[in-house]
Structure formats: C-alpha cells, structure tokens
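Values in this document were obtained by computation on a predicted structure and should not be read as measured data. All residue numbers in this chain count up from 1 along the given sequence.
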Amino acid sequence: MKTMSTTRLAANLQRLIRPKSIAVFGGGWAEEVVRQTRKIGFEGPVWPVHPRKDEVAGYRTYRSVGELPGAPDASFIGVNRELTVEVMRELSAKGAGGAVCFAAGFKEAGARGLELHHALLEAAGDMAFMGPNCYGTLNYLDGAVLWPDQHGGNRVEKGVAIIAQSGNIAVNVTMQQRGLPLAYVFTLGNQARIGFSRLIEALLEDPRVTAIGLIMEAIDDLSAFDRAVAKAAAKRIPIAAMKLGASAQGAAATMSHTASLAGADGIVDAYFRRTGIARLRSLPELLETLKLLHFVGPLAGRDIVSMSCSGGEAALMSDLIDASPLHARPFTPAQKAKVEATLSELVTVANPLDYHTFIWGNEERLTATFTSVLQAGFDLSYLVLDFPRGDRCSDASWQPTLQAFATASRTTGAKAALVASLGECLPEGIVKQSAALGIGAIAGLEEGLAAAEAAASIGEAFRRGAAKPLMIAAGEPTNITALDEWEAKAALEAHGLSRPRGRLVMTEDEALAAFREIGAPVVVKACSREILHKTEAGAVRLGIRTEAELREAARHMLALARHAIVEAMVTDAVAELIVGVARDPQFGPTLVVGSGGILVELVGDSRTLLLPVSGEEVREAILSLKAAKLIAGFRGKPAGDIDGAVAAVMAVARYTQANAARLAELDVNPLLVRPKGKGAVAADALIRIEAT
C-alpha cells in the first residue's frame, strides 16, 4: 500500500473545504447537491457525473471521471458503498483534491464493511475525504456546498465553523433562527480519514473563522486532537463543544452509530478543562456560546453586570448568577455615584441593575446610564431586553434602548451584549440589526450565562498557556494480579504516600507484640490478595483497645488469611477522600479524586484528572468537592491539611506515571485528611497491575 503524504493530504483538505471546482456523482441525493450549489451561487465549475442523464439542474453531465475536463477540488460521491471505492480510486488517479463519501455500510457495518473501510483508504491515496456515512459540507464563505438536502444558511463574510458527526443534527443547526453567522458546517460520519483533528487544523488557516463549535460523539485520534486544539489556543481561536454520549445508553448509541470510541464522560470533562475547550450541555447553549464568542470573544474574568428596566428581571438574573460560577460584582462607591447621576433619585443602584422605566425611550439618558455602567470595568455587561412579537406589535419604542446600548458599547470599548429572557423575544432580524451595530444578542438568560461562563473559562485557559502534553498509555495490560494491602501501601509509600504506623503479622503473638509497640487504638485487618473488599468480607476490626480484643481479632483475621495487619487507628481525621486510578481505552490511566469512605458510590462526588497533573490542578480538584467544606473546617471543627492531601494525591500520580503501561486499577480509600500540619494517610489501598 502506498504511503500517504500528510503534506499533500493537508493541501488536498484545503481544496476540499474551499473548492474552486466541484464534481457530483450519483442520482437523487447527488442531484440535490447540484441544485443547492447553483442556488447558493457557487462561482466555479460544477461537473455532474451520471451514466445516462445529459443534464442536471442546468449543468452538462459527464459519463465518468475520465471525461471530466479537470481534476475537481471537491467531489460529492452519492453512490453505493462498493461503487464509492471505485469512484474514489479513479478520482485519486486523476489528482482530485477531496470528497464527501455519502454511503453508509463501512466500518460500522460488520466484516464486509470493515473490508470496504480499508479499501476506501487505499483507493483514496493522498485525497482528503469526509465520511463515509457522511451527510456533507457547507462553506457559506465561498458558497461551496456539497450537501444533498435543504439547509437554512446563507452567505457570510466571517463567522463560526461547526463540525458535527451527526448529519441530522447538522441540518437542524443550519435551520437556526438565532442570527448565528455560520461560516462552515461540516459533518464527519466515520472519520475514516478526516476527523476533528485535521479539520480543526485546516480551519485555523482561514482568518474568517472566529470560533469553532464541535458536536462530538468521539475523538478521532487523541494525540492529533491534542495538537490541533493546542494550535487553536496558540492562535486564540476559541473552541466550544457538545459531547454526545454522556450517559451509558448514549455512549452505546454513539458506538453503534460510528463504531467509534466515545470515552467516559468524566474523562472528557477533564480533557476539555485541561485543553481550554468549553463544554456545553445543550444545542441552544452551544449556539449562543458560539455567538458570544463571535461577537465578544473570550472573557478576562467572571465579573458580569446585568441591566434591565424591570425589578423582576433583575431578581431573576441575580438568582441565576448566584447559582452559576459567575460573579455579580457590586459597584464601587465611585462607580455607584457615577451611575446614580444618570438616573432618577427613586432608582437604587445595584448589580443587577434595575434602571426602571423613567428614562425609557430617551436615547440620550439611556446612553448616559449604559455608558457609566460599561465604564465600571466588568468582564461582560449584559442588557436584558426582550422585544415584542412582530406580527402583532411594534418595537419602535425599543429602538432607542438598542441604539443607546450600541453607542455606549462603541464609546467605551467594553465587552457587552444584549440578552433576552425568552428566545422567542429575540427575533432574528433584531440579532442581525444588533450585529450591524456591533452588538451580539443572546437568546435566553440561562443560555446567556452558560455562554458567559464558557467564554470566561476559555479566556482563563488562554492566559494559563499550553497544557503539558498528555501522558497517553492506551491499551490494556495483560496477566493482571492484585497486590495485597501491605504490598500496595509499600509500593505507594515509595513514591511519597504516607500510611499509618503498622506491622504485617502471621501469628497471634506477633499481633500482640505489634499492638504493644504501636499502642491503642489499632485496626486489625486480614491481608490477602484474594480479599480486596474487607468490609464485605468481615476482614477488618476497628478501635481495638485491649489485649483481649486484639487476640480475638487476630485469631479471626488469621483464619481468613495467612497474614494480618495491625495498624494505628487514625482518630483525628477531619475528612475522607478517595484517590483512584481507572484505565480508559483511549486515554490510558486517569486519576480520580473524590469524597471517600464507605459512602463513596452513594455520594458520587468526584473529579477526574489527566496525567501528568500539577499540584495546582490537584488542589483545585479537591477544593471543588463537597468534602472541601470539611477540610476547610466545618461548623467550628479544625481545618484539615489541604497541603497534605495534595501531596498524597501527587504521590499516587507519581506511582501511576511510573507504572502507566502496567497499571490496571488503583484505589486509596479512604485517604484520611488529618488536621492542618499533620498530613494525610492512606487507611487502605488496592492495586491491580500486570505481573512482572
């Protein structure tokens, strides 16, 4: 098989997404591509290929690839899966740039489909292609569409690019009436050759792209994707994503759709945080975030101000901001006085600001108020403004408010946007009018705050700089064995993890000697590679204070296992954590920090981290947990040793990195966080690892 040139592939991908000539193969679906190409006003040649028809949508047809007058930059191949491979081979031989492979039935469809998948890759040579099982591509900048259906977009001079694996979701996105300027819409299907990674890199070459939105089922190539998003961050092109398959059922659905690896949801969260990709949970949130990024860009922080002429709207915004990671910073005394000077004495100046209706319709006074607020230095200023429905009402008296806000934004240079409490109260025409005035307009308060948080998180990531390259140790170790608790703790102790003072014993007398040396109270546990969950097996006794109790406990444990552990019982713990390592098929070992103890699964309070990890990331993860309140000193109790907890997690991380290829599973539960200055110790540990 001929080696593919990545340089030629990159050049061909540019030809595919920004073509100067288009060829179209197939019947009904393909003919719609020709009609849509003519409708949008593509200026280059369009070459339909059909074995019988002489003309399609006003264009002359050709009988075969060999008859084409040139090598097309882009082709839409709308024939069956077997013929798709043959057409691709002929196009490659002619020097074509790339193609959309519409047919399904490849990698996602059994043994024959997998054979055709490999055949398609071989036939393509250095060609770039989307799919197979791909709906198409839309380039609204240059009017180049390879799309077998209606779509709702139109030509723009600049805008956001959206990449989706799902064709139907992409169709729906083109029908949005939110005023989001779409520069490109791509569907990927199976990502056999062109996936998110290469397409993101290609889009970075087009200065007309202001932001990139991803609607993902799976990452195509983790290392390549990592490089692509790092390049986007270096170019300050923000990326926002919606990851499908968050639930177990959703993940199974994505697998059945594209035969792709979806990745555990918590790991995806961790990866997006690490790389500065903003994750949104719904399509409206994603679209409004992209709109805010297009008009305003990433934010410098989370301080926002809200203005409205309604006390109810102000209260609603206050509640929503309070429940979000954003901050409605109060005005300083000087700022407050400046705003007060523009308003009636009956108005109380606060954030959110209810400026009342005293100045409604007075553009000059509205401009003064908005200007004074925008000069207060918030990271984002929102004006809540819902417009009346156009079929029954007039928005004439709303226009002075819009004009005043645009003037204030232009004068101050502050980052500002309109936001409507209801999406239907923000007609697309108003969004476009606002855009012409230099103002973004966001539909929905919840969507607006989600967009603001996303823009703030991206801004934070840009300031933080590039993350360290991921430690990827994918695949599965074989010949797995479990270490017993004593072995597991010793292995972790070698990397800096503290454990309670203890002894490994084989007899009742040895246990008694250990008890006398350590001092009461102690814990006695059976120690065996076969007993990994001691509570369920009755293999642990707590709070042993007398020699009689010790002897009885030792006899019981040594009847269960050859060895027992006698260990000092930690009585001053202020919080319990769990530190675990799970192995993901795509990411390899991943670190999980959570609220621990016997209720760990019931509480479900955890944070996933990817390796390598810094102490700052570990600290932030611990402080995000519910257990952080205990560590801070809950209801007058002593504060826990957060530094000791961070050090313990970092010790587990070091062990994991040293054994990344062999480690299958690790649990330290509970990790007992002691009072400040006393550290954190591992009360129990489990390691499953490849035998050497």
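For the side-chain contact (heavy atoms from CB on, under 4.5 Å) test with L13, the passing option among E201, R198, E205 is R198; the others fail. If you run salt bridge (charged side-chain N to carboxylate O under 4.0 Å, His left out) between D269 and each of K243, R607, R281, only R281 comes through.
Between the side chain of T187 and the backbone N or O of G136, at least one donor-acceptor pair lies under 3.5 Å. Without hydrogens or angle criteria, N190 side chain to A192 main chain gives no donor-acceptor distance under 3.5 Å. With D303 contributing its side chain and F378 its backbone, the two residues share no donor-acceptor pair below 3.5 Å. Looking at D605, its side chain never comes within 3.5 Å of a backbone N or O of L625 through a donor-acceptor pair. For the pair Q165 (side chain) and L214 (backbone), a donor-acceptor distance under 3.5 Å is absent. The backbone N or O of F295 lies less than 3.5 Å from no partner atom in the side chain of K415, so there is not a single donor-acceptor pair. A donor-acceptor pair is defined here as one N or O able to donate and one able to accept, closer than 3.5 Å; such a pair exists between the side chain of E690 and the backbone of T478. Using modelled atom types, no side-chain atom of N133 and backbone atom of G189 make a donor-acceptor pair closer than 3.5 Å. For S606 (side chain) and V593 (main-chain N/O), no donor-acceptor pair under 3.5 Å exists by modelled atom type. With hydrogens and angles disregarded, a donor-acceptor distance shorter than 3.5 Å links the side chain of R463 to the backbone of G459.
For the pair I194 and L9, the minimum side-chain heavy-atom distance is below 4.5 Å. Proximity of L326 to L449: side-chain heavy atoms (C-beta onward) are separated by under 4.5 Å at one or more points. Within the 4.5 Å cutoff, side-chain heavy atoms of F196 are placed close to those of L188. L290 has its side chain within reach of L180: a pair of non-hydrogen atoms, C-beta onward, lies under 4.5 Å apart. Looking at I212 and L203, their side chains come closer than 4.5 Å, going by heavy atoms from C-beta outward. Residues T590 and L611 have side chains not in contact (no heavy-atom distance under 4.5 Å, counting atoms from C-beta outward). Residues D206 and I17 form no side-chain contact, since every pair of their non-hydrogen atoms from C-beta on lies 4.5 Å or further apart. Looking at heavy atoms from C-beta onward, I472 lies in side-chain contact with S223 at the 4.5 angstrom threshold.
The line from CD of Q191 to CG of L199 is 9.5 Å long, rounded to the nearest 0.5 Å. A distance of 8.5 Å separates CG in N12 from OG in S92, rounded to the nearest 0.5 Å. Rounding to the nearest 0.5 angstrom, the gap separating the CG atom in N669 from the CD1 atom in I578 is 4.0 Å. Distance check: M88 CE to L120 CG gives 4.5 Å after rounding to the nearest 0.5 Å. From I622, atom CD1 reaches atom CG of L609 across 9.0 Å, with rounding to the nearest 0.5 Å. A distance of 10.0 Å separates CD of E453 from CD1 of I458, quoted to the nearest 0.5 Å.
Evaluation of the side chain to side chain contact (heavy atoms under 4.5 Å, CB included) rule for E487 yields L483, D484, R529 as partners, not counting sequence neighbours. Applying the side chain to side chain contact (heavy atoms under 4.5 Å, CB included) test to N168 and every residue at least two apart in sequence or in another chain returns S166, N172.
Between F225 and Y271, the ring-plane angle classifies as tilted under the 30° and 60° cut-offs. The aromatic rings of H495 and Y655 stand perpendicular to each other, their planes meeting at an angle above 60°, with 30° marking the opposite boundary.
Defined by atom type and a distance below 3.5 Å, a donor-acceptor pair is present between the side-chain atoms of E617 and S614.
Pairing each heavy atom of V574 with each of G640, the nearest pair is CG2-CA, 3.3 Å.
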### Task
Under the salt bridge (Lys or Arg N to Asp or Glu O under 4.0 Å) rule, what do E288 and K291 come out as? Steps first, then yes or no, please.
CA-CA 5 Å; E288 296 304 328; K291 196 193 301 179; 2.9 Å; yes
### Query
Can you check side-chain contact (heavy atoms from CB on, under 4.5 Å) on E108 and F106, steps first, answer last?
CA-CA 5 Å; E108 79 283 7; F106 286 81; 3.9 Å; yes
### Task
Might you work through the side-chain contact (heavy atoms from CB on, under 4.5 Å) test for I480 and I689, ending with a clear yes or no?
CA-CA 5 Å; I480 304 300; I689 194 166; over 6 Å; no
### Query
Checking salt bridge (Lys or Arg N to Asp or Glu O under 4.0 Å) for the pair R499/D684: CA distance, chi angles, key distance, verdict?
CA-CA 9 Å; R499 56 173 169 169; D684 198 0; over 6 Å; no
### Message
For a side-chain contact (heavy atoms from CB on, under 4.5 Å) check, start with the C-alpha distance between V668 and L497, then their side-chain angles and the critical distance, and finish with the verdict.
### Response
CA-CA 10 Å; V668 174; L497 182 65; 4.2 Å; yes
### Worked check of side-chain contact (heavy atoms from CB on, under 4.5 Å) between V268 and T608
CA-CA 9 Å; V268 172; T608 302; over 6 Å; no
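Between K468 and D226 there is no salt bridge, since no side-chain nitrogen of the basic residue lies less than 4.0 Å from a carboxylate oxygen of the acidic one. Comment: R619 does not engage E616 in a salt bridge, judged by the lack of any side-chain N to carboxylate O separation of less than 4.0 angstrom.
Residues in residues 647-674 take part in these salt bridge (charged side-chain N to carboxylate O under 4.0 Å, His left out) pairs, two or more places apart or across chains: D572-R674, E665-R688.
By the 6.0 Å contact criterion, CD on E157 is open, its count of non-hydrogen atoms from other residues, nucleotides or ligands being 12 or less.
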